[in-house]
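Would you mind keeping the following structure in view while I ask a few things?
What you see below is based on every heavy atom in this structure, not just the backbone, and it leaves out hydrogens, waters and symmetry mates.
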Amino acid sequence: MLQLRRVSWGAVLAGVVVALAAGLTLNLLGLGIGATTIDAAARDTPDAGSLGIGAAAWVLVANLLALALGGYVAATLSGVAVRLDAALHGLAVWGTCALLSVALLGNVAVGLAFSAARGASNLLGGVASGVGSIASAAGREASERTDTGSLQAGAQSALRRIQDAMASGGDPARMTPDQRKAEIGSLLARRLAATNFGQAERDRLTQLAATEFGLTQPEAEARIRQVEQQAQQALAEAEQRARQVADASAQAASVAAFTGFLALLLGAAAAVTGARRGTRGTGVA
């Protein structure tokens, strides 16, 4: 008669429980061993790289042993006499443990995100309260300054500034230092942004710099070129650093993905191996 292959979910559940318990036990043992290597008082502690490599190796070996034990328990309790059925029970243990691990990590990530969001909400609430207080104070101050005398004084001051700018006729020598510096900053920003900056604007910038800093025209042009080169070099260095950070992040993500993929494959192989060891028969079909 054809033997029906069935999955014993009770055996799979027992294997999962044993695998999780064994993994927790071995990882706690590894944590204890790693903690004994730290000696802060004598300053005889392995570097972070060595500790990281050792911890990763221990976690990998501990999880492989735990999955092999879980697969063995599942295959033994299922009572199957066919190695293929036992291997499938081992794979079921491995898949269940992997999903539980993902769910646990997801819950931890959600918890951390919730804590961060709550902290940000509290911070924003405090900021909003502070802004409300500032706005209230500003409103009171504004109401005090909106009388007729204050408005007239402000209008007269603005009118004087307009008259001074018109009287100067755009001549750098007749402008105030604040006016020259403001226009120099505006022109430099447009020059670095390379937006509608022609020869007329360059000549104007040279005249302003020469008048403001007491330079001749060639000296002002040389000073402007030096500032432009420094600014462009700083922008290029910032762009290069951003590209390096992006490359490093992509490489780290790639290494993490391939490492996780390899670890899952090794875990599946360990669970199948343990399950085949726990098979009661010797059949292959």
Requested in this report: Mark yes or no for whether Thr36, through its side chain, and Ile33, through its backbone, hold a donor-acceptor pair below 3.5 Å.
Outcome: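 Yes, the answer is positive, given that a donor and an acceptor are paired below the 3.5 Å cut-off.
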Query raised in the report: Any donor-acceptor pair under 3.5 Å linking the side chain of Gln229 with the backbone of Gln226?
Result: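 No.
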Report task. Verify side chain to side chain contact (heavy atoms under 4.5 Å, CB included) between Leu208 and Met175, making sure each step is shown before the conclusion. Result -> CA-CA 9 Å; Leu208 289 168; Met175 298 172 64; 4.1 Å; yes
Report task. Please check if Val272 and Leu88 belong to a single hydrophobic cluster, counting links between Ile, Leu, Val, Met, Phe, Trp and Tyr side chain heavy atoms closer than 4.5 Å. Result ->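 Looking at the clustering, Leu88 is in the same group as Val272.
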Query raised in the report: Quick one: does Arg83's side chain have a donor or acceptor within less than 3.5 Å of a partner on Arg276's backbone?
Result: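 Flag set: sc Arg83 to bb Arg276 pair under 3.5 Å.
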Requested in this report: May I have the step-by-step check of side chain to side chain contact (heavy atoms under 4.5 Å, CB included) for Leu100 and Leu104, ending in yes or no?
Outcome: CA-CA 6 Å; Leu100 288 176; Leu104 178 61; over 6 Å; no
Report task. Might you point out which heavy atoms bring Gly23 and Ala66 nearest each other, and give the distance in Å? Result ->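 Of all heavy-atom pairs spanning Gly23 and Ala66, the closest is N-CB, 3.4 Å.
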Query raised in the report: Heavy atoms, side chains only, cut-off 4.5 Å: are Arg223 and Glu219 in contact?
Result: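 No, side chains not in contact.
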**Report entry** Partner of Leu266 by side chain to side chain contact (heavy atoms under 4.5 Å, CB included), out of Leu64, Leu67, Asn63
**Finding:**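 Testing Leu266 for a side chain to side chain contact (heavy atoms under 4.5 Å, CB included) against Leu64, Leu67, Asn63 leaves exactly one candidate, Leu64.
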Query raised in the report: Between CG of Leu215 and CD of Glu221, what distance do you get to the nearest 0.5 Å?
Result: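 Rounded to the nearest 0.5 Å, the CG-CD separation comes out at 11.0 Å.
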Query - Thr279/Val82 under side chain to side chain contact (heavy atoms under 4.5 Å, CB included): CA gap, chis, key distance, verdict - result: CA-CA 7 Å; Thr279 306; Val82 180; over 6 Å; no
Query - Backbone of Ala21 reached by a side-chain donor or acceptor of Thr25 within 3.5 Å - result: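 Present.
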Query raised in the report: Roughly how far, to the nearest 0.5 Å, is CD of Gln244 from CZ of Arg241?
Result: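 Separation between the atoms: 8.5 Å.
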**Report entry** Any donor-acceptor pair under 3.5 Å from Trp58 side chain to Leu26 backbone
**Finding:**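 Side chain of Trp58 to backbone of Leu26, a donor-acceptor pair under 3.5 Å: yes, one is there.
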Query - Whether Trp94 side chain and Leu264 backbone form a donor-acceptor pair below 3.5 Å - result: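 Looks like yes, one N/O pair under 3.5 Å.
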Query raised in the report: Sub-3.5 Å donor-acceptor pair from the side chain of His89 to the main-chain atoms of Ser78, do we have one?
Result: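 Not a single qualifying donor-acceptor pair exists.
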Query raised in the report: Any side-chain heavy atom of Leu24 within less than 4.5 Å of one from Leu20?
Result: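 Side chain of Leu24 against side chain of Leu20, heavy atoms only: no contact under 4.5 Å found.
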